[in-house]
Enquirer: 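Take this structure, written in structure tokens, and hold onto it; I'll ask about it next.
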There are 2 protein chains.
Amino acid sequence: METERRRRATVKDVALEAGVSRGTVSRVLNGQPYVSEDARAAIEAAIARVGFVPNRAARSLVMQSSQAIGLIVHEPHSLFVEDPNIASILLGANSALSEADYQLSCLIADTPRDVDRLARYLSGGLIDGVIIVSARVGDPITRAVVELGLPAAFVGNPRDIGDAAHVAIDNRGSAREITKRLAGTGRRRVGMVAAALDRDSGADRLAGFVDALGGDFDPQLVERVPFYSFSDGKAGMKRLLDRVPDIDGVFASSDAVAAGAIEALREAGRRIPDDVGIVGFDDSSWALRCDPPLSTVHQPADQLGSAAARAVLAQLDGQTFTAPILLESPIVWRESA
Amino acid sequence: METERRRRATVKDVALEAGVSRGTVSRVLNGQPYVSEDARAAIEAAIARVGFVPNRAARSLVMQSSQAIGLIVHEPHSLFVEDPNIASILLGANSALSEADYQLSCLIADTPRDVDRLARYLSGGLIDGVIIVSARVGDPITRAVVELGLPAAFVGNPRDIGDAAHVAIDNRGSAREITKRLAGTGRRRVGMVAAALDRDSGADRLAGFVDALGGDFDPQLVERVPFYSFSDGKAGMKRLLDRVPDIDGVFASSDAVAAGAIEALREAGRRIPDDVGIVGFDDSSWALRCDPPLSTVHQPADQLGSAAARAVLAQLDGQTFTAPILLESPIVWRESA
DNA sequence: CTGAAAGCGCTAACAG
DNA sequence: CTGTTAGCGCTTTCAG
């Protein structure tokens, strides 16, 4: 069944078919005024008849814009699969862009090779702006974007982006609050499984934890792990338990980490929240899946996405500076502490 | 800090700078032979000096190809967030395309408006081919793609795609096998929480279940729910339990559904696997998170993605027909049954 | 209101 | 080996 890929109709074909010039066709295509009703009708009919669909590459070339914006996810494999926040951010961004009739294209940077290709792709003019999720300090993609002067908005608070637009939550403040609240349930030895310290969010959550404990802070009580993942949470909690057997409270960097920690705690025979209270961060679907349900910090992931999208749109619209946007991240108290 | 977006350098600038013609520049850009070493060196230096990056819109226009392929996810909100398979498919596709130096662009179709915009976008020539995840029967995107004759590969087995390329697992056969095995543990009343019957995978899993039970099949024992989700699993299991209190085995359409069902079962005071055995489908991260760990069918999600990507690449390469690809989906037996 | 013509940045013949 | 010349399909002056 050789689906013969016939040549696609162009403005020229439409013009011919409608008996007008290409200029006029272009005018109706772009909804411009000063086209007679007759011409408009003839052209619209012709478009339908020949099955014309504008070629975006051509349009992008002349307009120097593509009506598409990219969302770059730069995460290790595992996290991308496990982190429900990313999908929510994506959906939030998509719906905001959709309203403005922009196409969202999600681009993933998995290997160094991907990073290179992506940097070229971004410079290619097929993307008008980008939303960058989980940038890391010194990230080559970030660098490429700022060098290009491509309109961009970051989700999170990377340290090296100057005054580029970004939307975030107050990780440090929220971490401080929830730690205080955890301590307030009468815990004496509260520790932390601290993940992703190479990321602003991870570092800030640890800082907030330290803030909260103030003078009571004991470095022994924090266990560092690389990723916001279930398995790292479990492994980290095990080590923490070995080192500090009398621990009675733990703040996990994320809900996934908390879920892993809970498993380790349970395997060690600790009851939650009786023996040890635990709190997480994100209020992702992990939180409700935990047993008991997790007390955590609500992260408005979809709003992060839509706010970032709007920030990019504003720049496309000529806005030259976007003040950092900070979204509310309330504590959700459930039964794990 | 007005980042003046200076005019980007073009081949012309490079040619001028290197003292050659644009044709020659183009030749080195595309790695073609018949360029003197001198010219090549001069051009490469010039490229670096003026910071030239080729404009993809222009190249796409003349080449009629963009080196980008789209992966369309057409899922309701909730599922996209909850389903780890999608992310794995995405990653698998990305790595296969990456090897061929193609850019993967993930496009999401959430609202009807998205669907329209997407159909236009696909026709625009900025995408050379598509991988379609979870198409539904009569899907307008599917229709647009086949009408366009755009190289495509489906993940799954939609019914109305003619002989379009697709890669899938044998949902029906695997469902049959795991149901038999569940029944083989001595269960007398085995039911099913059957999700997503509007999708080929959902319908096939139910068919496999019916196959396995043969004469013993009792329609009372299947409870239908709309989505492959935790919450639908829980709700469905509750109803099933009300209707058939003596149920002692259940096959859930997916791991997420199984996880929800387990919660319902537990709330009803049933022990697993003692009182009721339960099995799922997907072998996603849900499976290990369940307590006890879930027996399930392993779905090689990343391989589905990479195989689909290769199928699209083959078509781009001129291949005119791709036989359906069926991947292995072995049973993974754990402790939930 | 509309046609003609120029040109976006790049590649691809075709002569040299 | 290399320069010249046409376009790819679309928008946009600029004259009518």
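By convention in this document, chain letters (A, B, ...) are assigned in the order of the sequence lines, proteins followed by strands, and residues within each chain are numbered from 1. Computation of the quantities below employed the complete heavy-atom set of this structure, encompassing side-chain atoms and omitting hydrogens, waters and symmetry-equivalent molecules.
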Enquirer: Which part of the nucleic acid, if any, lies within contact of A:S36, taking any heavy atom under 4.0 Å across all strands shown: a base, the sugar-phosphate backbone alone, or nothing?
Expert: sugar-phosphate
Enquirer: Describe the nucleic acid contact of B:P33 in one word from base, sugar-phosphate, nothing, applying a heavy-atom distance below 4.0 Å.
Expert: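 Nothing, no nucleic acid heavy atom in range.
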Enquirer: Does B:R56 get its side chain close enough to the base of C:dG9, under 3.5 Å, for a donor-acceptor pair?
Expert: no
Enquirer: Please determine, for the side chain of B:F52, which listed nucleotide (D:dC10, C:dT2, C:dC10) has the closest atom?
Expert: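 Selected nucleotide: C:dC10.
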Enquirer: Can you tell me if the side-chain N/O atoms of B:Q64 get under 4.0 Å from OP1 or OP2 in C:dT11?
Expert: no
Enquirer: Determine: side-chain N/O of B:T10 to OP1/OP2 of C:dG9, distance under 4.0 Å, yes or no.
Expert: no
Enquirer: Have a look at B:L118 and tell me which of B:L122, B:V115, B:D116 forms a side chain to side chain contact (heavy atoms under 4.5 Å, CB included) with it.
Expert: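 With B:L118 as partner, B:L122, B:V115, B:D116 yield a single side chain to side chain contact (heavy atoms under 4.5 Å, CB included), made by B:L122.
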Enquirer: Considering just the side-chain nitrogens and oxygens of B:R8, establish if one lies under 4.0 Å of OP1 or OP2 belonging to C:dG9.
Expert: no
Enquirer: Using a 3.5 Å distance criterion without hydrogens, assess whether the side chain of A:Q103 forms a donor-acceptor pair with backbone atoms of A:Q67.
Expert: no
Enquirer: Could you say whether B:A58 or B:G23 is positioned toward the 5' end of DNA chain D, judged by the nucleotide with the nearest heavy atom to each?
Expert: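 Here B:G23 is the residue nearer the 5' end.
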Enquirer: Under 4.0 Å, heavy atoms only, any strand: does B:Q32 hit a base, just the sugar-phosphate, or nothing?
Expert: sugar-phosphate
Enquirer: Can you tell me how far C1' of C:dG9 sits from CZ of A:R59, to the nearest Å?
Expert: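 From A:R59 CZ to C:dG9 C1': 18 Å.
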Enquirer: Would you classify A:A39 as touching base, sugar-phosphate or nothing, given that sugar-phosphate means primed atoms plus P, OP1 and OP2, and contacts are heavy atoms under 4.0 Å?
Expert: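 If one applies the 4.0 Å heavy-atom cut-off, A:A39 turns out to touch the sugar-phosphate alone, with no base involved.
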Enquirer: From the set C:dG7, C:dC10, C:dT2, return the single nucleotide nearest to any side-chain atom of A:T24.
Expert: C:dT2
Enquirer: Verify the neighbour count for atom CD of B:Q319: are there more than 12 heavy atoms of other residues, nucleotides or ligands below 6.0 Å?
Expert: yes
Enquirer: At their closest point, which heavy atom of B:F52 faces which heavy atom of B:A9, and how far apart are they?
Expert: CD1-O, 3.4 Å
Enquirer: On the nucleotide D:dT11, are OP1 or OP2 found under 4.0 Å from the side-chain N or O atoms that A:S26 carries?
Expert: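 Indeed, a polar side-chain atom of A:S26 lies that close.
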Enquirer: Heavy atoms only, 4.0 Å cut-off, all strands: where does A:V20 land among base, sugar-phosphate and nothing?
Expert: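 The answer is sugar-phosphate, as A:V20 gets under 4.0 Å only of primed atoms, P, OP1 or OP2.
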Enquirer: Under 4.0 Å between a side-chain N or O of A:N30 and OP1 or OP2 of D:dT11?
Expert: yes
Enquirer: Could you check whether any side-chain N or O of B:S66 sits under 3.5 Å from a backbone N or O of B:L126, counting only pairs where one atom can act as donor and the other as acceptor?
Expert: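 Here the side-chain-to-backbone pair exists.
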Enquirer: Closest approach to the side chain of B:L61, judged atom by atom: which nucleotide of C:dT2, D:dC8, C:dC10 is it?
Expert: D:dC8
